[in-house]
Amino acid sequence: MTKNYRESLRSPAHLKSMDLKGLSCRKRVALLCDYLDGELPAAARRIVAAHRRSCLPCARVLASLECTLSALRELRTPARIPAAARRSLRAALRSAAGKRRRQEKNQ
Amino acid sequence: MTQSERDLIDRSRDGDAEAFTKLVARYEDRIFRLAKRVCVGMPADADDVYQETFLTAFEKLKSFRRDSDLGTWLYRIASNLCFMRYRKKKREPFVPLLDRPHDHEDGEGPALSVPDRTPTPEETARKKELQAAVGEALARLPADYRLIVVLRDVEGMSNEEAAKVLGIGVAAVKSRLHRGRMFLRDEFERASSPKAGR
Ligand SMILES: [Zn+2]
C-alpha cells in the first residue's frame, strides 16, 4: 500500500477529486476491500458507495467479493476433531508431564 | 484473560497435565479447524498439527508471556507448524496471483443481483454449489495466502490480530489478503457464470 493512498484516505478534500478510474488495479482492490471491511473513514466510504452506484465493473467486483466473503464465513463450521486424535493428544500430554516429573526428580 | 485462565496457565507451567488439558478444551476446536483448512487434502497432517500445537505449547509454556493472549500464541504455533509441513513437501502447484486488469471499460456483464425474498430450493442448492467452489478454490491458494484468508475471513480475525499471529506487518497481511480474495472472487465468478459449462 503506498503512503499516498493512505494519506488520500485521511484527507477528504483530496478524496473529493479522487478518481477511482485513475487508480491502478491493486489500489482499487485495496480500496474496495477496505470498504467491505468497514475500514474506510466516512468520507471515503461515501465516495466508494456513490461510485458503486455508477460504475458497473466496480459494482460487480463488490457484489462477487461480498458473496465470496460470505461463502468463506460459512466455512467457519464447528470442528469435528477425530476421537482418536483427541485421545492421543491427552495421552501424550500425560506422558510428557510424567517424563518432566521424573527428570525433575533426578536433578 | 480471566483469572481462572491465569491459574490454569500457572499450573500448566509447573507441568500439571490436567490443568493444561482444561486449556486445550478451550482452544482445540479453533486450532483444529485452522489446521484442517490450511492442511487441506492432508487430513493426517491436520491431526498432527493439532496435536503438535498443544504438545509444543505445553513444553514451551514457560516462555509464554503472561500479558499476551494465549489464543494468539497457540494460533502462531499452529501456523508455524503448518508452514513447516508445506516447506517439507517442497513444491506446491504454482498458482499465479498476478494483477489482473478489471477494466472499468468492460461494463458488459450483468450485475449480480441479490434477491430479497426467501430463496427457492434451487437457489439454496446453487448457493451451496458456489460455496463449495470457493472452498475448493481456497485449497488451491498457496499456503501462505490460504493461511491469511483463513485467519481473516474464516476465523474472523482483524488485520492486526492476523499480523500478530504471523509476526508480519499489517500492510503485508492486507496485500496478501487482497490478492487471495481476488483469486477466490475470480473463481467464484467463474463458477457462477452461466457460461461455466460442465
Ligand atoms: Zn469503477
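Throughout, a chain's letter reflects where its sequence line sits, starting with A, and its residues are numbered from 1.
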Considering only heavy atoms, which portion of A/Arg73 lies under 4.5 Å from any heavy atom of chain B: side chain, backbone, both, or neither? both
Correct closest heavy-atom pair for A/Cys67 and B/Phe188 would be CB-CZ, 3.2 Å
Please determine whether side chain to side chain donor-acceptor pair (under 3.5 Å) holds for the pair A/Ser64 and B/Arg185, giving the CA-CA distance in whole Å, both sets of side-chain angles, and the decisive distance to 0.1 Å. CA-CA 6 Å; A/Ser64 54; B/Arg185 183 210 84 99; 2.8 Å; yes
Is chain A contacted by the side chain of B/Val154, its backbone, both, or neither, given a heavy-atom distance below 4.5 Å? both
Measure across B/Arg37 and A/Thr77 and return the closest heavy-atom pair with its distance rounded to 0.1 Å. NH2-OG1, 4.4 Å
Go through A/Ala84, A/Ala96, A/Pro82 and name the one with the most non-hydrogen pairs under 4.5 angstrom from chain B. A/Pro82
Following the transitive rule for hydrophobic clusters with a side-chain heavy-atom cut-off under 4.5 Å over Ile, Leu, Val, Met, Phe, Trp and Tyr, establish whether B/Leu151 and B/Ile168 coincide in one cluster. yes
Going only through I, L, V, M, F, W and Y residues with side-chain contacts under 4.5 Å, is there a path from B/Met84 to B/Val49? yes
Is there a side-chain contact between A/Arg80 and B/Lys36 in this structure, where contact means two heavy atoms from C-beta onward sitting under 4.5 Å apart? no
Do the charged groups of A/Asp37 and B/Arg181 touch, with an N to O distance under 4.0 Å? yes
Check whether B/Ser158 gets within reach of chain A through its side chain, its backbone, both or neither, counting any heavy atom under 4.5 Å. neither
For a quick test of reading the model, state the closest non-hydrogen atom pair linking A/Ala71 to B/Gln131 and the distance between them. CB-CG, 3.6 Å
Check whether any side-chain heavy atom of B/Leu184 lies under 4.5 Å from a side-chain heavy atom of A/Leu65, and answer yes or no. no
Please determine whether residues B/Val40 and B/Phe83 belong to a single hydrophobic cluster, defined as Ile, Leu, Val, Met, Phe, Trp and Tyr linked transitively by side-chain heavy-atom distances below 4.5 Å. no
Under 4.5 Å from a heavy atom of chain A, the part of B/Phe54 involved: both
Residue among A/Ile81, A/Leu93, A/Leu89 satisfying side chain to side chain contact (heavy atoms under 4.5 Å, CB included) with B/Gln51: A/Leu89
Would you check if B/Met182 and A/Val61 make a side-chain contact, meaning some heavy-atom pair closer than 4.5 Å? yes
Around atom CD of B/Glu18, are there more than 12 heavy atoms from other residues, nucleotides or ligands closer than 6.0 Å? no
Taking atom types as modelled, find out whether B/Thr21 and A/Arg90 have a side-chain donor-acceptor pair closer than 3.5 angstrom. no
Relative to chain A, which segment of B/Arg152 carries a heavy atom at a distance below 4.5 Å: side chain, backbone, both, or neither? side chain
If one checks every heavy atom of B/Val150 against chain A at 4.5 Å, the contacting part turns out to be neither
Measure the spacing between CG of B/Leu130 and OG1 of A/Thr68 and express it to the nearest 0.5 Å. 9.0 Å
Heavy-atom pair with the smallest gap, counting every atom of B/Asp29 and A/Ala79: O-CB, 3.5 Å
Which heavy atom in A/Ala97 sits nearest to a heavy atom in B/Gly15, and how many Å separate them? CB-O, 3.4 Å
Backbone N/O of B/Glu155 and side chain of A/Arg76: donor-acceptor pair under 3.5 Å: yes
Electrostatic pair A/Arg86:B/Glu28 at N-O distance under 4.0 angstrom: yes
Taking NZ, NE, NH1 and NH2 as the nitrogens, is one of them in A/Arg60 or B/Glu189 under 4.0 Å from a carboxylate oxygen of the other? yes
Heavy-atom cut-off 4.5 Å, strictly under: side chain, backbone, both or neither for B/Asp14 against chain A? backbone
